Amino acid sequence: MPASDIDRLQRSFYARNTLTVAREMLGQRLVRKLGAHRIAGRIVEVEAYVGEGDTACHAARGRTARNAVMFGPAGHAYVYFIYGMHHCFNVVTEQEGYAAAVLVRALEPLEGLGSMRRHRGGRDGVELTNGPAKLCSALAIDRALNGADLVTSEEAWLERDALVGESDIAEGPRIGVHGDERAQTVPWRFWVAGNPYVSGR
DNA sequence: CTCTCGATGCGCT
DNA sequence: GCGCATCGAGAGA
């Protein structure tokens, strides 16, 4: 087994309450492997999408071909294509049959900065990964990764890294959602307070 | 700095 | 056809 598996997050991490997983994902390392090359960053901002009762969740209107991965087992990647040009990366949570996931909204770059700059058209600094579509671009994540099992994949996974204390976690309403009143106000966006890589607004 | 708006593919109604 | 879990360029203050 690869040395990296020592720190890889296992199924038991993901197969829990989505809000708990979302909070604990802060500080962990998202790793993308392209050939022998690693690109990675610390997760500093996430959003939880919790079940068919959450009208901002893609699964709110039931299972479709697009959102099927969210209904599957925890620990798989849910990657979707949006606005005709962007991708967003999520991690599936909870038990099989319960549609929920955590969207990764921002990373602090740690490995493969040169690759990130290239993938981002020469942009640098916070512009590398301070948004859900930006980090997918930087890490070369697209729909080819949709459904990938992050517990066993050699292409992408999460590694145990720094834990973020409760006092350093900020929370607020999710960004850009179009569900009902509750969906737009419930504080299911979590970020590392003061981290410069957190997305704007 | 803030605000507005176009890009652009596709899943779903 | 409509609308989207976004981004970045451009205009104006």
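Computed from a prediction, not measured in an experiment: that's the story for all the values here. Each chain gets a letter, A, B and so on, in the order the sequences are listed, and its residues count up from 1.
The hydrophobic side chain of A/Phe81 is isolated, with no ILVMFWY side chain under 4.5 Å apart from it.
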Base-pairing string, 5' to 3', of DNA chain B - Watson-Crick or wobble, under 3.5 Å, | interstrand
|||||||.||||.
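A stacked arrangement is assigned to A/Tyr49 and the six-membered base ring of C/dA5, with a centre-to-centre distance below 5.5 Å and an interplanar angle below 30°.
Atom CZ in A/Arg123 sits about 13 Å away from atom C1' in C/dT6, given to the nearest Å. To the nearest angstrom, C1' of C/dT6 lies 12 Å from CG of A/Asn130. Regarding A/Leu128, its CG atom lies at a distance of 13 Å from the P atom of C/dC7, rounded to whole Å.
No engagement by A/Gln184 is indicated, since no non-hydrogen atom pair under 4.0 Å with the nucleic acid exists. Among the atoms of the strands shown, only primed sugar atoms or phosphate atoms (P, OP1, OP2) are found under 4.0 Å from some heavy atom of A/His178.
The aromatic rings of A/Tyr80 and A/Tyr78 sit tilted relative to each other, their planes meeting at an angle between 30° and 60°.
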Are any protein N/O atoms closer than 3.5 Å to N/O atoms in nucleotides 6-8 of chain B? If there are, list each pair with its distance.
residue : atom : partner : partner atom : Å
B/dT8   : O2   : A/Tyr83 : O            : 2.3

Could you write out each protein N or O paired with an N or O of nucleotides 10-12 of chain B at a distance under 3.5 Å?
residue : atom : partner : partner atom : Å
B/dC12  : OP1  : A/Thr64 : OG1          : 2.1

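At a threshold of 4.0 Å, the pair A/Arg174-A/Glu47 does not count as salt-bridged, since none of the basic side-chain nitrogens sits closer than that to a carboxylate oxygen.
At C/dT6, one or more side-chain N or O atoms of A/Arg105 fall inside 4.0 Å of OP1 or OP2 (strictly under the cut-off).
Remark: A/Ser153 pairs with A/Glu155 by the side chain to side chain contact (heavy atoms under 4.5 Å, CB included) rule, at least two apart or across chains.
Environment of CZ in A/Arg61: sparse, with no more than 12 heavy atoms of neighbouring residues, nucleotides or ligands closer than 6.0 Å.
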Show, in sequence, the C-alpha distance, side-chain angles and deciding distance for A/Leu9 and A/Arg160, and conclude whether the side chain to side chain contact (heavy atoms under 4.5 Å, CB included) test is met.
CA-CA 6 Å; A/Leu9 296 180; A/Arg160 174 73 57 192; 3.6 Å; yes
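Between the P atoms of B/dC3 and C/dA5, the separation comes to 22 Å (whole Å).
With a 6.0 Å cutoff to the six-membered ring centre and a 45° limit on the axis angle, A/Arg16 counts as a cation-pi contact of A/Phe13.
Contact check of residues 132-142 of chain A against DNA chain C (heavy atom, cut-off under 4.0 Å) returns A/Pro132, A/Ala133, A/Lys134.
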